[in-house]
Amino acid sequence: MLNAVDSIWMARALRLAEHGLYGTSPNPRVACVVVKDGKRAGDGWHRRAGEPHAEVYALREAGELARGATAYVTLEPCCHTGRTPPCSDALIAAGVARVVVAMTDPNPQVAGKGIAKLRAAGIDVECGLMEAAAVELNAGFVSRMTRGLPFVRSKIGMSLDGRTALANGASQWITRPEARLDVQHWRARSCAVLTGINTILSDDAQLNVRELETGRQPLRVVLDSNLRMPLTARILSAFTSQAGRGEVLIYSALNDAQKIARLQDAGATVVILPDGFGQIDLQAMLRDLARRGCNEILLEAGAVLNGAMLRAGLVDQLLLYIAPKLLGDMARGMAALGELTSLDQGIAMQWQDVRQIGGDLRITARINTKGNGHV
């Protein structure tokens, strides 16, 4: 039977799991806390793919104290052998008496089998404690496992009247340095940063993580229907960081062998995914990224690509940085949605969080999966 003390220990496990925000992909962010006689015996979190899972670290620290203890795990212990042995076997071998799980694993290889294995071994298992928080922590992993699509988060820096650039294209900088630094954290936790070729042509964006110590760089993805990427673009050049050079992936609708060869010689990978109308098949692009192990995608694009992704229902969350200034009706908007003829055609959202970052506001909002019109 779950109680208030269980919530305290699970909250600790969820906080520990956040240590894996930047490094665990394509694996989920998971932590485990082992408690014996009301005291912490050991804890741990998963650091990166190929390294031990959270339960292994926690059980190592607990040692003999794990026998008869309770293990609090933010995700159902695995029961299959991948790069590492099954964690359910480790918990059984350690002799834990009880396991409290925040959420079942959506991976079809697990999906309740880990819990069943623990129960078959005589371990008391309770599931669902702080499930919503655990799901939110691994929204990308859940999305990839259940939908075959990454979780797409669109980051938009804009004025109070929803403008992202002046009519002449000037956009640097609408928001303040504190907001721009905050964006680096969202880049660092993302498996890929996605943009359109117009952003590269106008801003010469690099899309890499800066000013943060991370163990890796996200995949940098550019949608370039007609292969207009300049070979001199900074995104194609090596940059110095603790993670080295990041990978660049270009999706296109144009199968031009010469252009592709030049881009690949410059270090990019080019994938051709036409939609039949001269553009890139956006859903096929996201499914390809999911097959490459991408859990979370940070979309940093202009109004055209933002609008196309929103119209296609491929954006899950908006990350809005709002500066306290007005740019007027001649400035460019945040998303090209076309003309709407009724209010119920609008894209409905739910507010998740509002906070001040330096002198700007940061708003996160989830796109409603039900009740949206077709725009």
Side-chain angles (χ1 to χ4, degrees), residues 139 143 147 149-171 174-175 179 183 186 193-199 201-203 221-226 251 253 273-287 289 296-354 360-375:
S143 177
R147 302 188 301 167
L149 294 169
F151 183 90
V152 178
R153 180 180 290 116
S154 178
K155 185 279 294 183
I156 302 173
M158 64 186 191
S159 62
L160 188 59
D161 52 348
R163 304 295 170 169
T164 59
L166 299 179
N168 63 10
S171 62
I174 292 175
T175 55
V183 170
W186 294 94
V193 180
L194 170 66
T195 195
I197 186 60
N198 288 335
T199 297
L201 295 175
S202 62
D203 299 338
V221 182
V222 182
L223 304 191
D224 184 5
S225 295
N226 296 304
Y251 288 99
L273 287 177
D275 66 353
F277 301 96
Q279 301 298 315
I280 297 160
D281 187 325
L282 296 177
Q283 184 166 100
M285 176 269 299
L286 289 180
R287 292 198 180 278
L289 287 173
E296 293 183 20
I297 306 295
L298 184 64
L299 173 63
E300 297 193 40
V304 174
L305 182 52
N306 268 321
M309 292 284 285
L310 285 164
R311 289 197 307 272
L314 297 174
V315 177
D316 299 293
Q317 185 182 56
L318 292 182
L319 178 64
L320 306 175
Y321 292 89
I322 304 175
K325 62 181 72 171
L326 302 175
L327 296 183
D329 62 337
M330 297 300 292
R332 300 179 184 180
M334 59 181 282
L337 298 177
E339 182 182 3
L340 308 185
T341 57
S342 64
L343 291 176
D344 61 5
Q345 291 178 317
I347 295 175
M349 290 168 274
Q350 292 180 326
W351 302 125
Q352 289 185 298
D353 183 73
V354 179
D360 303 316
L361 286 183
R362 188 189 75 192
I363 297 177
T364 54
R366 284 291 289 267
I367 306 293
N368 283 355
T369 55
K370 296 180 180 179
N372 281 317
H374 300 282
V375 297

Original post:
Without hydrogens or angle criteria, can the side chains of Gln317 and Arg366 be said to hold a donor-acceptor pair below 3.5 Å?
Top reply: no
Original post:
Could you state the interatomic distance from CG (Leu314) to CG (Leu286), rounded to the nearest 0.5 Å?
Top reply: 5.5 Å
**OP:** Measure across Ala303 and Gly333 and return the closest heavy-atom pair with its distance rounded to 0.1 Å.
**Re:** CB-O, 3.3 Å
**OP:** Please round to the nearest 0.5 Å and tell me the distance separating atom CG of Leu201 and atom OG1 of Thr199.
**Re:** 9.0 Å
Subject >> Side chain proximity check, Ile322 to Ile363, heavy atoms < 4.5 angstrom >> reply: yes
**OP:** Please check if the side chain of Ser202 supplies one atom and the backbone of Asn198 the other of a donor-acceptor pair under 3.5 Å.
**Re:** yes
Original post:
Without hydrogens or angle criteria, can the side chains of Glu300 and Thr195 be said to hold a donor-acceptor pair below 3.5 Å?
Top reply: no
Subject >> Min side-chain heavy-atom separation Val193-Lys155 under 4.5 Å >> reply: no
Original post:
What heavy-atom pair brings Ala253 and Gln279 nearest, and what distance separates the two atoms?
Top reply: CB-O, 3.4 Å
Subject >> Spatial distance of atom CD1 (Ile367) from atom CG (Leu310) [nearest 0.5 Å] >> reply: 5.5 Å
Original post:
Within a strict 4.5 Å, meaning less than it, do heavy atoms of the Ile297 and Arg153 side chains meet?
Top reply: no
Original post:
Closest heavy-atom contact between Asp316 and Pro150?
Top reply: OD2-O, 3.7 Å
Original post:
For Ser159 and Arg163, does a side-chain donor sit closer than 3.5 Å to a side-chain acceptor?
Top reply: no
Original post:
Is the closest side-chain heavy-atom distance between Leu298 and Leu194 below 4.5 Å?
Top reply: no
Subject >> Distance (rounded to the nearest 0.5 Å) between Leu282 CG and Leu305 CG >> reply: 7.0 Å
**OP:** Would you indicate whether the side-chain heavy atoms of Pro274 and Asp281 approach each other to under 4.5 Å?
**Re:** no
Original post:
Heavy atoms, side chains only, cut-off 4.5 Å: are Leu327 and Leu166 in contact?
Top reply: yes
Original post:
Can you name the closest pair of heavy atoms from Leu326 and Leu160 and give their distance?
Top reply: CD2-CB, 4.0 Å
Original post:
Is any side-chain heavy atom of Leu319 closer than 4.5 Å to a side-chain heavy atom of Val183?
Top reply: no
**OP:** First locate atom CD of Gln283, then atom CG of Leu149, and finally report the distance between them rounded to the nearest 0.5 Å.
**Re:** 5.5 Å
Original post:
When you check the side-chain N and O atoms of Ser154 and Asn306, is any donor under 3.5 Å from an acceptor?
Top reply: yes
Original post:
Which atoms form the tightest heavy-atom contact between Val152 and Met309, and what is the distance?
Top reply: CG1-CE, 4.1 Å
Original post:
If we only count heavy atoms from C-beta on, is the Tyr251 to Val221 side-chain gap below 4.5 Å?
Top reply: yes
Original post:
What do the steps show when you test Thr364 against Leu320 for side chain to side chain contact (heavy atoms under 4.5 Å, CB included), and what is the final call?
Top reply: CA-CA 6 Å; Thr364 54; Leu320 306 175; over 6 Å; no
Original post:
Stepwise, does the side chain to side chain contact (heavy atoms under 4.5 Å, CB included) test hold for Val354 with Arg362?
Top reply: CA-CA 6 Å; Val354 179; Arg362 188 189 75 192; over 6 Å; no
Subject >> Ala336 backbone acceptor or donor facing Arg311 side chain under 3.5 Å >> reply: yes
Original post:
Of the non-hydrogen atoms in Met158 and Thr164, which two are nearest, and what is the gap between them?
Top reply: CB-CG2, 4.0 Å
